[in-house]
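Scroll down for the structure; my scribbles are underneath it.
Both counts, for ligands and for their atoms, begin at 1 and track the order of listing. One-based numbering along the sequence shown. It should be emphasised that the depicted structure is a prediction, and the values quoted were computed from it without experimental measurement.
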Amino acid sequence: LRGSGPKRYLGVDIGGTKVIAGVGDADCRLESRVLRKTRFDSGGEVALRNVLAAAQEAVSAASAAKIEAIGISCGGPLDPERGRILRTPNLTGWDGLPVVSIFEKEFSAKAYLDNDANVAALGEAVRGAGRGKKSFAYFTVSTGIGGGFVTQGELFRGSTGNASEFGHQTILPDGPMCGCGNRGCLEALASGKSIARRAKELLRSGNTPSQSLMLDLVSGEIDSLTAKDVAKAARAGDRIAQSVWEEAAGHLGLGVANIINILNPERVIIGGGVAKAGLLLFGPVRRVAAQRALPDLARSVDIVRAGLRDDSGVVGAVRLAVLKSSGG
Ligand SMILES: [Zn+2]
């Protein structure tokens, strides 16, 4: 009875440090879920082996004899049409990798590729904080900042498929350099990487750095400081860490206000590792967005954390497979 029974879809969310693979049904309920380290620091070959192993494991753990279709999420820029990764800063050694055809050969099913923020927005639309909402804007705030805008259950893609680059709106014209070559992008001010960078700058600037808890958390190794450390120190009352969060989250609030004014969404959803900071992030974001967005638009929107937490991407990848394989 091979191939009979309800259809099953494989979703794979590939990140710079970890991959989450899962098999789900047409309603995107996960039947299996496997998390592995990707280890891109050991080279592209090792990372690819780990990604495929995670996907195999997820398929083995599911009941289906056959996979209907595969959805793949990873950081851009990508060529979704040709199923290739173009040039990615976080997936070392994968430039030009034909990830779609590799998966199609491995699992004998059609595969579809899209960028991580778009895919996570799809996940939130079907099973997360976007469920039942007519429109919402999704921000993923982690190493970088990405975005997705969903209206009537569908992603808005723009003329070349690159819409919703919320992280590359200019917030400070003379601000820090962004990876994209522009100055003062939201990503250069409020991503996890930027939060860590700003804290390091302040610790090295000589403003009573010897008293900062952040130095204790990293045993004096300023280079190894992460946004997570800055959050820990801020919660414990460290003034410098608190000011870094206040400033970064305030900038994110400006970015959110701009998106509210442009798209008039019913909800703004924020996911990604930096959203784990909770009120440290959401407090200033909500306050600044309420001050800066037009009053009527600000009143009709709420700002919430992603409902699926770490699984927005894998659930969204299953959704991508369901949509694309049914001609969506
Ligand atoms: Zn930028």
Side-chain angles (χ1 to χ4, degrees), residues 14-17 40 73-80 84-92 94-95 113-121 137-150 155-202 225-227 230 244-263 265 268-275 277 281 284-285 288-289 292-293 303 306 312-313:
I14 305 168
T17 57
F40 275 94
S73 155
C74 77
L78 311 168
D79 181 348
R84 274 175 189 280
I85 287 160
L86 293 176
R87 172 178 53 80
T88 83
N90 298 319
L91 312 182
T92 314
W94 277 26
D95 285 6
L113 174 69
D114 208 337
N115 85 59
D116 47 4
N118 274 350
V119 173
Y138 175 81
F139 282 72
T140 178
V141 187
S142 53
T143 314
I145 296 184
F149 178 59
V150 173
L155 271 173
F156 175 73
R157 291 182 181 278
S159 62
T160 62
N162 293 305
S164 304
E165 288 287 359
F166 300 159
H168 299 285
Q169 51 178 314
T170 303
I171 299 290
L172 290 178
D174 300 314
M177 275 310 279
C178 180
C180 73
N182 184 32
R183 272 188 187 281
C185 286
L186 180 59
E187 177 169 302
L189 295 163
S191 64
K193 210 171 167 177
S194 307
I195 289 168
R197 192 205 58 231
R198 183 69 182 135
K200 289 175 198 173
E201 270 171 23
L202 290 176
L225 191 80
T226 65
V230 185
V244 170
W245 272 95
E246 185 67 30
E247 187 180 71
H251 286 136
L252 182 58
L254 287 178
V256 166
N258 291 340
I259 298 305
I260 290 172
N261 282 353
I262 295 165
L263 297 173
V268 172
I269 301 173
I270 304 177
V274 174
L281 182 79
V285 166
V288 172
R292 298 287 185 143
I303 301 169
S312 313

Looking at A188, is its backbone amide N or carbonyl O close enough to the side chain of R197 to form a donor-acceptor pair, meaning the two atoms are under 3.5 Å apart? yes

Please round to the nearest 0.5 Å and tell me the distance separating atom CG of L202 and atom CD of E247. 7.5 Å

Does R87 come within less than 4.0 Å of D79, counting only side-chain N to carboxylate O? no

How far apart are the C-alpha atoms of N182 and T170, what are their side-chain angles, what is the distance that settles it, and do they pass the side chain to side chain donor-acceptor pair (under 3.5 Å) test? CA-CA 8 Å; N182 184 32; T170 303; 3.1 Å; yes

Protein N/O/S atoms closer than 2.8 Å to the Zn ion (ligand 1): H168 ND1, C178 SG, C180 SG, C185 SG

Would you say Q169's side chain and G255's backbone share a donor-acceptor pair under 3.5 angstrom? yes

S142 OG to D116 CG distance, which is reported to the nearest 0.5 Å: 7.0 Å

